[in-house]
Amino acid sequence: MGLTRVPGLLFGGDYNPEQWPEEVWAEDVRLMAEAGVNMATVAVFSWSRLEPSRGSYDFGWLDRVLGLLHEHGVAADLATATATPPPWLVREHPEVMPVDARGVRLEFGSRQGYCPSSPVFREHAVRLAAAMAERYGDHPALAMWHVGNEYADHTLECFCPESARHFRAWLRERYGDVGALNAAWGTSCWGQHYTAIDQVEPPRQAPGPVNPAQLLDWRRFCSDALLELFTAERDVLRERTPGVPVTTNFMSILHGLDYWKWAEAEDLVSDDAYPDPADPDSHVAVALSYDLMRSLKGRPWLLLESAPSAVSWREVNVPKPPGMMRLHSLQAVAHGGDGVMFFQWRQARYGPEKFHSALLPHGGTGTRGWRDTLALGADLRRLAEVAGTGTPAEVALMLGWDSWWGLEAPESMPSARLRLKELLLSWYRPLHARGVAVDLVPPGRDLSGYRAVIVPNLYLCTDEQAKALATVTGELVVGPFSGVVDEADQVHPGGPPGPLRDLLGVDVEEFWPLPDGVTQRVRHADGGTGQARTWAEWLRPHDGAEVLARYEGGDLDGLPAVVRKGSVTYVSCLLDDVTPVLGRVLPGVASIDVPPGVEAVRRERHLFLLNHTTTPRRVTLPEPGTDLLTRTRMRGEIELAPRDAVVLRIEGDT
Amino acid sequence: MGLTRVPGLLFGGDYNPEQWPEEVWAEDVRLMAEAGVNMATVAVFSWSRLEPSRGSYDFGWLDRVLGLLHEHGVAADLATATATPPPWLVREHPEVMPVDARGVRLEFGSRQGYCPSSPVFREHAVRLAAAMAERYGDHPALAMWHVGNEYADHTLECFCPESARHFRAWLRERYGDVGALNAAWGTSCWGQHYTAIDQVEPPRQAPGPVNPAQLLDWRRFCSDALLELFTAERDVLRERTPGVPVTTNFMSILHGLDYWKWAEAEDLVSDDAYPDPADPDSHVAVALSYDLMRSLKGRPWLLLESAPSAVSWREVNVPKPPGMMRLHSLQAVAHGGDGVMFFQWRQARYGPEKFHSALLPHGGTGTRGWRDTLALGADLRRLAEVAGTGTPAEVALMLGWDSWWGLEAPESMPSARLRLKELLLSWYRPLHARGVAVDLVPPGRDLSGYRAVIVPNLYLCTDEQAKALATVTGELVVGPFSGVVDEADQVHPGGPPGPLRDLLGVDVEEFWPLPDGVTQRVRHADGGTGQARTWAEWLRPHDGAEVLARYEGGDLDGLPAVVRKGSVTYVSCLLDDVTPVLGRVLPGVASIDVPPGVEAVRRERHLFLLNHTTTPRRVTLPEPGTDLLTRTRMRGEIELAPRDAVVLRIEGDT
Amino acid sequence: MGLTRVPGLLFGGDYNPEQWPEEVWAEDVRLMAEAGVNMATVAVFSWSRLEPSRGSYDFGWLDRVLGLLHEHGVAADLATATATPPPWLVREHPEVMPVDARGVRLEFGSRQGYCPSSPVFREHAVRLAAAMAERYGDHPALAMWHVGNEYADHTLECFCPESARHFRAWLRERYGDVGALNAAWGTSCWGQHYTAIDQVEPPRQAPGPVNPAQLLDWRRFCSDALLELFTAERDVLRERTPGVPVTTNFMSILHGLDYWKWAEAEDLVSDDAYPDPADPDSHVAVALSYDLMRSLKGRPWLLLESAPSAVSWREVNVPKPPGMMRLHSLQAVAHGGDGVMFFQWRQARYGPEKFHSALLPHGGTGTRGWRDTLALGADLRRLAEVAGTGTPAEVALMLGWDSWWGLEAPESMPSARLRLKELLLSWYRPLHARGVAVDLVPPGRDLSGYRAVIVPNLYLCTDEQAKALATVTGELVVGPFSGVVDEADQVHPGGPPGPLRDLLGVDVEEFWPLPDGVTQRVRHADGGTGQARTWAEWLRPHDGAEVLARYEGGDLDGLPAVVRKGSVTYVSCLLDDVTPVLGRVLPGVASIDVPPGVEAVRRERHLFLLNHTTTPRRVTLPEPGTDLLTRTRMRGEIELAPRDAVVLRIEGDT
């Protein structure tokens, strides 16, 4: 079954009719029907139009919009309209605006102008969500609920007194009493021993480095505080429209929010993805984020926002050249997306996003943009059978927010250069290049089903998480600076790798961060060499551990770099190329042989082949099949045109 | 007739006698007379000395200063002394200090410590201006009034509640009611629909990008608010001394103030110009600003501040090497300046400008600086006949502040790299190199008199401005990203080039910003190639439009880059070299053939030849004449020594 | 006699037992004894544990700690525990937290959370210091007092109303009345004439550049305000424990505090030094700071904090490779240190410094870190006889804070690139390379005993300081931009070099700062050439002055660069290599011939030879002697292993 009651793949975009005179609406729905649009996201920023003054609603225009959509076969992803409070609320209650770490109360004039912990904002937002559910819960156009919008895009945290109260309540819930908090936060360091939780404040700007345990709990709290805001709205929607799925649009791999927890709280996972066309490598990073979205609930997800061409929020907003919009859309489907939607339907004439591309450009229907819209709609209809299919993966890549927050603490770390996304990509890139399907997994989960599990970094690793890793039955690869601290950011007794010591068969004698621009040569056991950047370690392998690579040259000369104990491999540095390590752990894992720049992804019996380069590429098909896009049967070697794609229904598979 | 009642060219500088014991004054005026100084700017920062406490004036010292100046033949450019409020006013009324976008009330201790909208500051400033006019209105030394000083140098905007009230009053004046404001600001975007203008605040720091229409109106308001402050003082001066011209010193091409509006409000245009001696190309940019000053009122202007050598406010303040001070001074005269004045007369011993060079350096009269002062005074006397002469130009370059503010909005634009000054210079530089006289013109003006009009960019273009462009009788050249939005920063229906569509004969299908460091090759119709940086566009030329150049390579390969329809040329990119385009539009325009680095400028029958290089340059005179500097008759080819100049009175011209 | 009552060299580190369960303490003192630790710094951040609530003390745990230390032969450097106020004090009195220049009251959560001028903080700090003295004044473990900690590391200045009151009191003390303040601050510039000192505020964020005289006095005040805080505690300690030396740990060459004044206020000089292992040249800069520490009181000092390996507060914290910890420790002793202590004894499990290395690493006693600790303890015992010995120097290098503060004013200077540390190092580096002993001296001191005095810069030079320079009997070398301003930052009449004019035999016609990346060739009288960066000057040498070098090329071509009059040499630029100048002034000065990267330092009859390179180096001993580290007799040429050292007791010297 699909994500919603709408059959096939979803196609459409954000639709902001309030920005246009009503006579334009008729043209809009006519063109949507022409393009095969089957879903529109409506009312994301409509609060000030739906409730122009306190308690006085104006639903008439939205009634008409939803009616028109429904008449033209377009389902509604209906927002609760709470992404931005209306001016009257901000002026009546200035305290709903967020306050930054330096005490500045931010001003109205942009969006997301709310303190996540404001009871006033929450009360009004929930009241509006209830009113929306009341009015539109039975509307035939309603296919899903869209709560808020891109949480944490602008407002991840607030330092106002209300947020401080909320933070202390969260701490009381977590720690019970001040003694436990003191123990967890290590307040004996730098003389911070509290005698009451009432003495605790958010980590506002301080004279010097702030207690890292306080910062880590603040990160947890900020994710949770926004999640509370989401669930408060979700609860009234679920109560009044139990059959309508609720989502909020994620922002790919976002540092601020623990999407594992968030995904549990919603009915379907949706994502906004904006790879930069100026970056020739951006399709790799976006594939990783798509795989995360698929993994969050272990089933298809929805690309709820993407750009037909340029966005408007970068310093330089490069457009998508011909073919790229289609290719990137098909890529989302390949990675488990059951729909491709866009920001936005009709290009705005005003506001901060007026230069953001749209399905229907300023220039209207005579443009290449509109022609691409029509063509994509047709392509997605051709792929309808893909909807709902899964993506079995034999390799898992670990990503956990607690550990990420700890690793990328803003100060006091061995190296500010060691960044989780780079660590993830150092492993994901070669897997992606050889068409290996990858699940993302959180720390602590049972992983016995995978042939290989890769943990690029697990700086924060609890005893329980260590135990979960020990149950891996396939190959396990652990990256540097792992097992360092416990849940409270306290170094494990005896030092790293802490609870992973026996599993990995090493002691980390000392971290060896490399200065900017400095590399450290590594010699693999097979004689080949590689380079480490950013990070290395001085290891003491235990008896019986095999050394797979050694540092060569410099002060680490001859010391082990990669160590293997049984089926567990520890990589103590950030390698430019992990291929030699993968060579040891990947045998037996399904992969697809494709030339550079071609992406191969399977969804059950469908094989997606995507040429991300600007030259033709020859690919040998692993099996014969029928290309759904052209309805052509293919076998043996085929040629993929630049930025072209093939979606092959493999013959032997059913 | 001259700028003031003082005959010939003005020569002198800022004079701050309050910084020196009275015995030094006698030496000052004696040396002024020796150097031929005929004007001194007095009392710019004297408020705290003239009114040491509220309502208690001490004019005695200034009486003596003006007396001494007059005795020695030095006229006074008398300031109203309101550039900085005195400490007592700031301490009595802390609310006169400006507040920044993050809510910080700035502290006394520098200058321009006032909120432009403060009624308290305005009341006191006008009262002081009136007292000055009362006391000195009939003084024989008084030749002109100097209101404030370098408006917007430090304080362009203030975000305090008083400024907010003023902004709302300005909005009420502009829009009448909140409905019109909502329509203009596009508040339907991001849910910003206001129900009362009282809900509007200045664009303080917000959680994310701010409504660009609000930002544009804020820019307009800030320019207007300071202009109100200027005109409030001007009005009392005009009332009491109707015959004395009023000015305030502009700051070359300043983003913050719409000098077209400002120039209308003053009696003569004066400018402060500080080209950086470390920049070998700075004489081109400063020539452009001089041409703007001349164009603002279409008549001679006054260089009211310049540096004899180094300034003191750059990170590295490079001095002017021998010859450059004279050369740059003559350059100002060449471009219509009827005087060359300096900051300052005597180098300060203290304060933030103590290392700023002066006509009389710390080292006194034994220095090369003083010798240069004497020599320049003599040169300017030799050029007396130039005063009052005009500069007929056949080419106009368009510059409008509304459009500039829109183009360089701080966020949400297709590319933050497209900057107006760079666009202007890309056209001005080659015109300057061939001695073509250029007027600057504002959008909307009748331009039928010019042989060629160049519009480097007109991002914001109203229907009226488009109509004015259509009346150009000569050649018209329009640069990229023009005709995009209307007065409210709303994209014209149908997209760019909006109201210029028929005139230019193109549709802009899509903007194509180029990433940093990337260039796009362009092939001209004549076979030559060039490079575009920063910006390109995907064009659809109309039938009958001629393609003068095409993009070559990359995704734009083969698409038109420069299009010509009749006598109108559209250039869709930022070209490194516009010479091939100028080749099409310049025939018939008067130019002067000079070698690289030599500047040729005419003021009626006088031809200035300025060698900005450090090597001798040979120049063929277009006509014989007499060099006013050496009283030598010249004809044919002459040699200009490094950093030397010739001011030729052409023989045939009268 | 030694620094304290503890014989030999001090060895130990910061000890924070409150971070560990009491059962760990026994292991701590046992291991300290094993390593030969004879001193531990205790209670630096213990306020919140010693006084958990107002007036209620908990000394029991510290009693037990000091008892344990004493039992194991470890003396205590006992802190007054006032480095960070406890949470209860901050919550009772939020006004003790410092306020930044933009008005932000900083938050608790880091350290040094106090306003230096807060009477509340001072009262509580002094009360605690008194309580500590009362309780532990007679404790047998007590060997020295450690007041505060690293003053000005985070909190150098505060802009709160209390600080403003304190600043005004300081100004009244300095100037008496507002007239003198107006004269000194040059308030006639930019209209800042005050009519009462009450109108003066700290230099908070202002609209533009702030009065530099105000900024200079603010720097002086900030250093003095913190010094008052120190002396307030010192006074109660001295009163109650007159025989116990009082110190506070300096931070090498710190811009914020005038260590000449500070050193006068303490009984012994101690320093925290953290050269960056990633910088191959860091041993030179740290040697300079060690020489300053030795010079501050003209006798041995104590390295109170250093890192066994990596620190934790850089962006990238590179560890010390094998050998470097020992080498850097011996270097401190070589430069007059009578002890080498570390931050910290046992590596923390939590807090911002948990990744800072320690004598006892996370990994415990099986690590190379612990082996190095044991080895260093043994080495220091072998050097016991060095304790108390002096370091006669024939060359002096001048360093004064007033001048430094003036030179590096945040704006309004001829060049922001001219930095004092770079100027100092340009002279110190070649002296260090040839083993020349160097004293640092403050401006104004009698310097008749030195063979050569080098003044890298003396921007601010009073008449008295000029007179003191004139009494130099040996060679005097003065660097560029000297003698420019007086004590109030006012340019000396007649311009630079002001009171040094006759001494130097030059007038500085004009400063000639060089833009970034530009160099100016210099031709020495002997025919060789060099390069100037950052700075040059246009000089007029007086009659009889000898030109030692001239500028070559560019606008300064042929003008003098280095001028000599009698035994006084003036260098008008920042030379890449001052060797040709030193060649003129060093003959007769004792030096030691060593290969590059080897440091040679004498302490009376002991010669330290330190190989800072990673390759063996051959050194010819100037005299035979016995290496204290190996008890080996050496003569002639020896080989120093990479990062190895020899401490030779010279035979002939006693």
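Note that the structure is a prediction, hence the values are computed from the model and not measured. Side chains are part of it too, since the values below use all heavy atoms of this structure and drop only hydrogens, waters and symmetry mates.
- In this structure, no portion of C:Val518 lies under 4.5 Å from any heavy atom of chain B.
- Residue with the most contacts toward chain B among C:Pro414, C:Ala196, C:Ala488, C:Cys189: C:Pro414 (heavy-atom pairs, distance under 4.5 Å).
- No salt bridge links C:Glu408 with C:Arg417; every basic N to acidic carboxylate O contact stays at or beyond 4.0 Å.
- Pairing each heavy atom of C:Glu510 with each of B:Pro319, the nearest pair is OE2-CB, 3.6 Å.
- By number of non-hydrogen pairs under 4.5 angstrom with chain B, the leading residue of C:Ala101, C:Gly191, C:Ala409 is C:Gly191.
- For B:Asp153, no part lies near chain C; criterion is any non-hydrogen pair under 4.5 Å.
- Both the backbone and the side chain of B:Pro352 come within less than 4.5 Å of a heavy atom of chain C.
- Considering CZ of B:Arg368 and OG1 of B:Thr373, their distance stands at 10.0 Å, rounded to 0.5 Å.
- Among all heavy-atom pairs drawn from B:Arg49 and B:Trp61, the shortest one is O-NE1, 3.6 Å.
- Residues of residues 180-188 of chain C that come within less than 4.5 angstrom of chain B, heavy atom to heavy atom, are C:Gly186, C:Ser188 in numerical order.
- For chain B, the nearby parts of C:Asp489 are the backbone and the side chain; heavy atoms of each come within less than 4.5 Å.
- Heavy atoms closer than 4.5 Å to chain C are found in the side chain of B:Phe355, but not in its backbone.
- With B:Trp20 as the aromatic partner, B:Arg346 meets the cation-pi criteria of under 6.0 angstrom to the ring centre and within 45 degrees of the ring axis.
- Among the candidates B:Val316, B:Asp100, B:Val318, the residue making the largest number of heavy-atom pairs closer than 4.5 Å to chain C is B:Val316.
- Here the straight-line distance linking atom CZ of C:Phe221 with atom CH2 of C:Trp170 works out to 8.5 Å at 0.5 Å rounding.
- No cation-pi contact links B:Arg54 to B:Trp88, judged by a cut-off of 6.0 Å to the six-membered ring centre and 45° from its axis.
- Across C:Gly208, C:Gly495, C:Pro496, the residue that shares the most heavy-atom pairs under 4.5 angstrom with chain B is C:Gly208.
- For C:Trp538, the part lying under 4.5 angstrom from a heavy atom of chain B is the side chain only.
- With chain C as the partner, the residue from B:Gly351, B:Gly103, B:Gly109, B:Ala310 showing the most heavy-atom pairs under 4.5 Å is B:Gly109.
- Contacts of B:Glu353 with chain C are made by side-chain atoms alone, with heavy-atom separations under 4.5 Å and no backbone atom involved.
- Under the 3.5 Å distance criterion, with hydrogens and angles disregarded, no donor-acceptor pair is assigned to the side chains of B:Asp14 and B:Trp345.
- Proximity to chain B (any heavy atom under 4.5 Å) is restricted, for C:Pro202, to the backbone atoms N, CA, C and O.
- For C:Pro209 against C:Trp190, the heavy-atom pair with the smallest separation is O-CZ3, 3.3 Å.
- Only the side chain of C:Val484 comes within less than 4.5 Å of a heavy atom in chain B; its backbone stays farther off.
- With a threshold of 4.5 angstrom between heavy atoms, C:Phe159 does not approach chain B through any atom at all.
- When heavy atoms are compared at a cutoff of 4.5 Å, C:Glu509 approaches chain B solely by way of its side chain, counted from C-beta outward.
- Judged by distance alone, the side chains of C:Asp486 and B:Tyr350 never bring a donor and an acceptor atom under 3.5 Å apart.
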**Prompt:** After noting the C-alpha distance and the side-chain angles of C:Glu422 and C:Arg419, does the key distance pass the salt bridge (charged side-chain N to carboxylate O under 4.0 Å, His left out) rule?
**Reply:** CA-CA 6 Å; C:Glu422 194 178 355; C:Arg419 312 300 286 180; over 6 Å; no
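- The candidate with the highest count of non-hydrogen atom pairs below 4.5 Å against chain C, out of B:His154, B:Arg102, B:Arg111, B:His356, is B:Arg111.
- The two atoms that bring C:Arg204 and C:Ala164 nearest to each other are NH2-CB, 4.1 Å, heavy atoms only.
- With a 4.5 Å cut-off on non-hydrogen atoms, C:Leu514 touches chain B through its backbone but not through its side chain.
- In this structure, the portion of B:Thr155 lying under 4.5 Å from any heavy atom of chain C is its side chain and not its backbone.
- For the set B:Pro52, B:Ser53, B:Ser110, the entry with the most heavy-atom pairs within less than 4.5 Å of chain C is B:Ser110.
- Nearest heavy-atom pair across C:Pro207 and B:Pro98 is CG-CG, 4.2 Å.
- For the residue pair B:Pro308 and B:Ala358, the shortest heavy atom distance occurs at CG-C, 3.5 Å.
- Annotation: maximal heavy-atom pairing with chain C below 4.5 Å, among B:Arg314, B:Gln19, B:Gln347, B:Glu18, occurs at B:Gln19.
- Chain C forms more heavy-atom pairs under 4.5 Å with one residue of B:Met97, B:Arg91, B:Gln112 than with any other, namely B:Arg91.
- For the set C:Met413, C:His492, C:Glu411, the count of heavy-atom pairs under 4.5 angstrom toward chain B peaks at C:Met413.
- To the nearest 0.5 Å, atoms CD (C:Gln520) and CG (C:Asp576) are separated by 12.0 Å.
- When only modelled atom types and interatomic distance are considered, B:Asn611 and B:Asp644 share no side-chain donor-acceptor pair under 3.5 Å.
- For the 3.5 Å distance criterion, the side chains of C:His193 and B:Ser48 fail to qualify, holding no donor opposite an acceptor.
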